[in-house]
Structure formats: C-alpha cells, structure tokens
Amino acid sequence: MKFTELNLPEAVLKGVAEVGFTELTPVQEETIPIALSGKDVAAQAQTGTGKTAAFLVSLFTRLLTSGKRTSNNPRALIMAPTRELVVQIVEDAKGLGAHCPIKVQAIFGGMDYDKQRQALKDGVDIIVATPGRLIDYAKQRVFTFDRIEALVIDEADRMFDMGFIKDLRYILRKLPDFEHRQTMLFSATLSPRVRELAYEFMDLAERVEILPEQVTAERVEQLLYHASRREKFPLLMGLLKKELDAERVLVFVNTKREAEYLTERLKANDLKAAVISGDIPQNKRMRILADFKEGKLTFLVATDVASRGIHIDAVSHVINYDLPQDPEDYVHRIGRTARAGALGKAISFADEDLVFHLPDIEEYIGRKIPSRFPEEDDFFWDYKRGAPRKKAPPAHAKPAAAAAKAKKPRRRGKPRSDGKPSA
DNA sequence: AAAAAAT
C-alpha cells in the first residue's frame, strides 16, 4: 500500500513525499488506518519498522482538522523514556510536518529551561516529552492538559516500568478521560503485564492490538561468545582485528561505571571511542551522539540510555559487552543495527556473572543464539593496559577465582570519594 | 539489580 492511497491531507502527503516515503511498512499499514479512525491502538512491532512515522502521520492528520492552536493548551502529547528519543521524534516531526501548520515542541530536562517554558506559554500543538520536566511545568501551571485529545506513549513498556510508572500515572490522571482522547501505545516489546497496566488508560471497546510473531529483526546476524570477565576486553580487541568492516560499533554495558572504564580502555588503545550514559551532561550527550552519527567516532560505549528507539545509520556492529539483565533490552539493543533494510551484526559476550540471563533471553526471542567458546587466536592480548601479555587461558577457567577477585575493587561500604552518600 | 528521568 502507498501513502497516496491513504486519503491524507495534502500538507501531510507533501511532507511524507519529501522525507522519501512511498510504500507503507507493515506496521504502518496496520496502525495508520485504525489511528485515523480515532480508535486506540496498542502496537508491538520490530525495531526500525517505522513506528514513529505511523503515529506522527496520524497525529498531524487529526490535528489539522480538529481545531486550532491556543496558548497554554497543547492538543497532543507524545511521551518517551529518554531525552535523545524526544529530540529524534521532534526531528522526524519537522520533516514529516514541514508543510503542516502544527507546532511541535520538545520538553526534556538538562537544557533550555526558560526557552521550553516560553514555548509552552506561547502555545504548541504537540508536546514531545520525557516525564520529569513536563511535570515540573505542569505543576507551575505553565500549561494545562485540558485540551489534550491524543496521547502517544512510545517505548511503552519502558514508560510503564518501575522507574517511570509514578510520573506517568501523574500525567495520565491529569489528562482528559480516555473516552475523550485517543491513546496510542508503541514498542518493539510489549509484555502482557505492561499491556494490562496500560489498558487501564485505554478505551477497551475501541482498542486494536497488533502483535508480531517475531520480536527481533531477522536481518541482524546474532552471535554469542562465552568468555570470562577478564577475557572480554582482549576478545573485543581480537574481534576488531578480524572484523575489518567494523566501522560503527555500538558497545552496550550494564552500568555507567563500566561504560566509563571501558571507554578509557578503548581510548588507551588509540581507538576513537566515547561514552554516553545518564552521568554525561546533556549537551555533551547530544554532541557525542551527533559525532557518532557523522562517523567521527568508531565506538560508542553506552548504557541502556541508548538502547531504545535511537536511529543511527549504518551501525555495523552492536556488541553486548555485558549481557543485558532484561530480555527486552537485548531486543532493543540489537535493534540499533540492521535498521531500515541495512545489514548488521550483534555479538554478545556471556561471562560468569551474567550468563545466567541467557536462558531468559533465548526464551524471549524464541530461538537459540548461535554461541561458541573463543579460540586462542580470537584474542588480542597485546593492548596497553591492565592485562597479561601472554596467551589466553581456556574460557571459563577458574570462574570462582575470577569472580572473587572481581568483587575486591568494589569498595563496598566505604564512603564515596566524591563525598556524596552511596546509594 | 541497573538504568532513565526535574532542579
């Protein structure tokens, strides 16, 4: 099906054509007609299949005909779990909505406090926001939720998890009742638990659920190495020597601390690497992401701040240096590669501390990840810092000793050097 | 159990 067959307003079609869309993706084909009819939608679809455009096209079409912009009273709200994702959605909206008289405003923490505040006062049609800053302005009555007629929750399962649910509920309570607004839920992973929670805020009678058979994109080539903690870095270096096409590598770790440490190790080996995590100041986060997108960086070491929704062209490899704790995060992380028709490789390391997550991940994705134990020549030990230069021990040799050794430098119980109380 | 998100 083509966008031109959808009976969209001329202004929307013009934007769609300009960003180069002609054919609808399967998820767009399923969701856009339903969304245009005003029904609630809960859609799970593989990463990189055009979910953002699906809800943006629907929102623009609705808002073009439903009324006019007034100050302090936005008409639609899009919620997302990271600031980068908010920025990206706004960028997509600028392209698709280039010919629509619809004002889209990003609301998120870490930057532009007065600018965002003023924009809300002046009046916007669509807010794209992370929860914290939005609630801040709402409490100050910079704007009201009274005229919100459509709500989109992107990466819905993340928005409904422990860390976000309180803020999200606060916002949902302030919105017009679900009978007087449209609600749309999107994610690559939409668990039954999350759907149950979310349906409290949706019109059950008018809800359409779209669930795929396969959660991961088939074009991602997946591979897993069983490697001990101490083997992981030499294995990473070894892989880089072999995979000469590793031009844009996104490396995921589970903690902010590990992200910093691994980045330093890569840099010490003269590799162009940078780190992105919630500890990095917002303006730097944006610059690093831009540098990575432009190819100025080969490596981006990231926490799960970068695992969801972010589109980066031509990521050749995703490395799960730490196996993620949540199976959903595995799906989102590897979804950063092989996007929009491209190919990509996802290589995961399973060490003695994290390998126990593997069965859950494999059950979730419904298949075994091809795995192997590294060979002698998979390693490259001759890096500059912190490891023996001799030959590699066999994989999983003395895991108990390695685990015990690993616990030592954690300084448990001691006061933090920065003076703040430890969490 | 960690990450993200307001100042």
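Protein chains get the first letters and strands the later ones, always in sequence-line order, with residue 1 at the start of each.
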Nearest whole Å is fine: how far is [N] [atom2] from [X] [atom1]?
X       : N      : atom1 : atom2 : result
D167(A) : dA3(B) : CG    : C1'   : 15 Å
Y321(A) : dA3(B) : OH    : C1'   : 19 Å
I135(A) : dA5(B) : CD1   : P     : 14 Å
R117(A) : dA6(B) : CZ    : P     : 16 Å
I107(A) : dT7(B) : CD1   : P     : 12 Å
D322(A) : dA3(B) : CG    : C1'   : 13 Å
E84(A)  : dA3(B) : CD    : C1'   : 13 Å
M159(A) : dA3(B) : CE    : P     : 19 Å

Using a strict 4.0 Å threshold on nitrogen-to-oxygen distance, state whether [X] and [Y] make a salt bridge.
X       : Y       : result
D122(A) : K103(A) : no
D146(A) : K174(A) : no
R229(A) : D351(A) : no

Of the listed dA6(B), dA3(B), dA4(B), the closest approach to the K139(A) side chain comes from dA6(B)
With the side chain defined as heavy atoms from C-beta on, V305(A) is closest, among dA4(B), dA6(B), dA3(B), to dA4(B)
Which residues, if any, of residues 325-333 of chain A bring a heavy atom under 4.0 Å of DNA chain B? Q325(A), D326(A)
Could you tell me whether [X] contacts a base, only the sugar-phosphate backbone, or nothing, with contacts defined as non-hydrogen atoms closer than 4.0 Å?
X       : answer
G109(A) : sugar-phosphate
R308(A) : nothing
D136(A) : base
S277(A) : sugar-phosphate

Students often mix this up, so state it plainly: with edges at 30° and 60°, are the rings of F349(A) and Y225(A) parallel, tilted or perpendicular? perpendicular
Using a cut-off of less than 4.0 Å, is there contact between a side-chain N or O of [X] and OP1 or OP2 of [N]?
X       : N      : result
R83(A)  : dA5(B) : yes
K256(A) : dA4(B) : yes
R285(A) : dA5(B) : yes
T130(A) : dA4(B) : no

Modelled atom types, side-chain donor and acceptor of Q140(A) and R117(A), under 3.5 Å: yes
Determine whether the side chains of T263(A) and R265(A) contain a donor N or O and an acceptor N or O closer than 3.5 Å. no
I would like to know whether S66(A) and E149(A) meet side chain to side chain donor-acceptor pair (under 3.5 Å); could you show each step before the answer? CA-CA 9 Å; S66(A) 74; E149(A) 56 183 271; 3.0 Å; yes
Among all residues two or more places apart in sequence or in another chain, which pass the side-chain contact (heavy atoms from CB on, under 4.5 Å) test with A76(A)? L59(A), L63(A), I126(A), A150(A)
